[in-house]
Amino acid sequence: MIMASASFSDLLKAAEDAGFSNTPPGTYDVRVVASEAKSTSAGKDMIVVKFEIIGGPHGGRKIPNNFVISPENANALGFFFRHMRALGLDGAYFGQDPSPQKVAADLVGKTCTIEVGTRTWQGEEREDVKQIRTLATGVSAAPATPFDSLPVPAGQNVSAAADPMAPDVPF
């Protein structure tokens, strides 16, 4: 069958709009639209989230990220809790000893700012969340909590090479 109704350039644009291309590197305000507690292939707990870009030319695009919980690595735990604080879950929240499933559920609707780059994973260029910071623009997808405005140190590079929380599985 010969395509008479659509050009390949239109089809490529539709595929890119659906997220079948990487989001350009940059800083984006995002909302957690999906979150699930899973295990890595090494058996560690992790929270797998899907961020959605809020507004702008890439608004609506989805970006996956895994938050791996590495009890044996204090630095990795520091990144995990810093990221959770940027998403509004602070020490008081974790002091209640929530399950990974509860943490995953409570992340849905939370907002933050992420810096997106790229990295190669299994021979394929993929989006990579390099930094996670508290949302500074005032956009809020969920009612504010006392934890939403807690500061998170800026300039924390969490690149895949140094980040023990780099994706273990694609979302």
Side-chain angles (χ1 to χ4, degrees), residues 8-73 75-89 100-101 103-137 139 141 152-171:
F8 277 110
S9 63
D10 291 339
L11 297 173
L12 177 62
K13 172 83 171 95
E16 288 173 350
D17 290 346
F20 287 102
S21 65
N22 286 333
T23 301
T27 301
Y28 301 96
D29 291 343
V30 296
R31 169 185 306 110
V32 176
V33 294
S35 182
E36 184 178 2
K38 293 186 172 188
S39 294
T40 67
S41 58
K44 293 181 184 180
D45 288 329
M46 73 176 165
I47 310 295
V48 178
V49 301
K50 189 174 283 187
F51 292 117
E52 180 179 73
I53 296 175
I54 302 168
H58 301 289
R61 290 194 73 149
K62 311 285 191 300
I63 300 168
N65 192 63
N66 297 346
F67 296 104
V68 177
I69 303 165
S70 299
E72 77 290 348
N73 184 328
N75 288 331
L77 287 173
F79 280 120
F80 174 82
F81 287 115
R82 201 170 306 145
H83 295 161
M84 292 298 106
R85 188 171 64 233
L87 284 159
L89 304 181
Q101 293 77 14
V103 174
D106 289 346
L107 285 173
V108 175
K110 295 290 188 180
T111 57
C112 65
T113 298
I114 63 173
E115 181 182 322
V116 175
T118 60
R119 71 181 190 112
T120 302
W121 188 69
Q122 293 187 341
E124 196 174 306
E125 194 76 11
R126 296 200 177 225
E127 297 159 326
D128 184 37
V129 176
K130 301 287 188 183
Q131 290 187 13
I132 299 174
R133 296 183 304 272
T134 302
L135 185 69
T137 63
V139 174
V152 175
Q156 295 294 322
N157 186 343
V158 292
S159 69
D163 186 4
M165 292 165 281
D168 190 58
V169 296
F171 192 88

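Residue numbers start at 1 and run along the sequence shown.
Between the side chain of D128 and the backbone N or O of K130 there is no donor-acceptor pair closer than 3.5 Å. In this structure, T120 contributes its side chain and G123 its backbone to no donor-acceptor pair below 3.5 Å.
Not counting sequence neighbours, E115 has no partner by the salt bridge (charged side-chain N to carboxylate O under 4.0 Å, His left out) test. Evaluation of the side-chain hydrogen bond (donor to acceptor under 3.5 Å, both in side chains) rule for E72 yields K44 as partners, not counting sequence neighbours. Residues forming a side-chain hydrogen bond (donor to acceptor under 3.5 Å, both in side chains) with T118 (at least two apart in sequence, or on another chain): E125. Residues meeting the salt bridge (charged side-chain N to carboxylate O under 4.0 Å, His left out) test with D106, sequence neighbours left out: K102.
Atom CZ of R133 is separated from atom NE2 of H83 by 10.5 Å, given to the nearest 0.5 angstrom. Considering OG of S35 and CZ of F67, their distance stands at 8.0 Å, rounded to 0.5 Å. Once rounded to the nearest 0.5 Å, the distance linking CG of N22 with CZ of R119 reads 11.5 Å. To the nearest 0.5 Å, atoms CZ (R82) and CD1 (I132) are separated by 11.0 Å. One distance of note links CD1 of I47 with CD of E36; it measures 9.5 Å at 0.5 Å rounding. Note that the OH atom of Y28 and the CD atom of E127 stand 8.5 Å from one another [nearest 0.5 Å].
Screening K110, R31, R61 for a salt bridge (Lys or Arg N to Asp or Glu O under 4.0 Å) with E52, the sole residue that qualifies is R31. Results of the side chain to side chain contact (heavy atoms under 4.5 Å, CB included) test with C112 over T134, V30, L107 single out V30 as the only residue that passes. The one candidate from I54, D29, L87 that meets the side chain to side chain contact (heavy atoms under 4.5 Å, CB included) condition with T111 is I54.
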Step-by-step side-chain contact (heavy atoms from CB on, under 4.5 Å) determination, V32 to F51: CA-CA 5 Å; V32 176; F51 292 117; 3.6 Å; yes

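Shown here for A37 and A104, the closest heavy-atom pair between the two residues is N-CB, 3.7 Å. Closest of all the heavy-atom pairs between N75 and N73 is N-OD1, 3.0 Å. Residues V68 and F80 approach most closely at O-CD1, 4.1 Å, considering heavy atoms.
Inter-residue side-chain proximity for L77 and I69 is flagged as met; some heavy-atom pair is nearer than 4.5 Å.
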